[in-house]
J.: 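Have a look at the structure that comes next, please.
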Amino acid sequence: MALLTNVTILLVLACISHQLMLSSCQKSHGRRARGGQHKVGRQPKSVSSAQPIKGKMVTKDKSECTWAATGEDLFILGVTCKKGDRSFSCEYVARPAVCPQYTSNVKLYWKQMARALRKQKSLCQDSSALVRAGMCRRAARDAHFRLRNAQRKTDSPSTPPPAPRAVKSCQPDNKKLAEEYCNDSWSSFCTFFFTMVQDYDC
């Protein structure tokens, strides 16, 4: 009887140990699953640039300008300015993603780029100048916008219409003809007659 009791106790203890091990494994598996979901959720979001990024500014020389940037990897930044009767436009190109800080704060990047455009001394003129965002100042050259092409247009004042051409009178010639072919008493009539017959500009 004592042996049977000992065997029963051992079986009960073995069953309890087995249940504890199963419970521990299930908890560990649950933590791993939650950890995997957490890592997936923290993946960086892709930067979407389907909509153009736009802005307005006034340069140091008081030119009123608008700009718009479009692209995915390679961005094209178009600038159009006007001051009085003078207007000009140009395009800059860059690869902002080359700058590591760009993807972390895209909104701040374009704010700094607008400020850099406004501070340009030779906007749309200097092909060697680089337009840099402050957060990407030390990034590779491709991360900075450089001038690709420029168009300059100056509105010229309207030209006055040409003056009407002076019409030369035929009366002196007709008067000579009248003196040649008519008497003095008929000269006035003959002059009038020749003028009516020669109906064209001299």
J.: If hydrophobic clusters are built from ILVMFWY residues whose side chains come within less than 4.5 Å, do M113 and M135 share one?
T.: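 Yes; M135 is reachable from M113 via cluster members.
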
J.: Rounded at 0.5 Å granularity, tell me how far CE in M57 sits from CD in E64.
T.: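 Answer for the CE-CD pair, M57 versus E64, is 11.5 Å.
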
J.: To the nearest 0.5 Å, what is the distance between OG (S63) and CG (L123)?
T.: 8.0 Å

J.: Pairs in or reaching into residues 105-120: which pass side-chain hydrogen bond (donor to acceptor under 3.5 Å, both in side chains), with residues at least two apart or in two chains?
T.: none

J.: How many angstroms lie between CZ in F75 and OG1 in T70, if you round to the nearest 0.5 Å?
T.: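 One gets 8.0 Å once the value is rounded to the nearest 0.5 Å.
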
J.: What is the minimum heavy-atom distance between P96 and Y102, and which atoms define it?
T.: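 Closest pair (atom of P96, atom of Y102, distance): O-CB, 3.3 Å.
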
J.: Nearest 0.5 angstrom please: C65 SG to K83 NZ, how far?
T.: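 Reported to 0.5 Å precision, the distance equals 10.5 Å.
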
J.: For T80, what residues pass the side chain to side chain contact (heavy atoms under 4.5 Å, CB included) criterion, not counting sequence neighbours?
T.: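 Partners of T80 by the side chain to side chain contact (heavy atoms under 4.5 Å, CB included) criterion, ordered by chain and then number, come out as T66, S89.
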
J.: Would a hydrophobic clustering, with Ile, Leu, Val, Met, Phe, Trp and Tyr connected at side-chain separations under 4.5 Å, put F145 with V106?
T.: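 Cluster IDs for F145 and V106 match.
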
J.: State the OG-NZ distance between S122 and K60, to the nearest 0.5 angstrom.
T.: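 Answer rounded to 0.5 Å: 10.5 Å.
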
J.: Do R146 and V131 have side chains that get closer than 4.5 Å, going by heavy atoms?
T.: no

J.: With the 4.5 Å side-chain cut-off for hydrophobic clustering, are I53 and V79 part of the same group?
T.: yes

J.: Quick one, C124 with C81, criterion disulfide bond (SG atoms under 2.5 Å apart). Give me CA distance, side-chain angles, the key distance, then yes/no.
T.: CA-CA 9 Å; C124 293; C81 298; 5.5 Å; no

J.: Any side-chain hydrogen bond (donor to acceptor under 3.5 Å, both in side chains) involving residues 91-101? Give me the pairs, sequence neighbours left out, ordered by first then second residue.
T.: D73-R95, E91-R148

J.: Could you measure the distance from the CZ atom of R132 to the CZ atom of R137? Nearest 0.5 Å is fine.
T.: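 Going from CZ on R132 over to CZ on R137, the span is 7.0 Å.
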
J.: State yes or no: do F88 and V58 share one hydrophobic cluster built from I, L, V, M, F, W and Y residues joined by side-chain heavy-atom distances below 4.5 Å, directly or via other members?
T.: no

J.: Please give me the minimum heavy-atom distance between A143 and V98, naming the atom from each residue.
T.: CB-CB, 4.0 Å

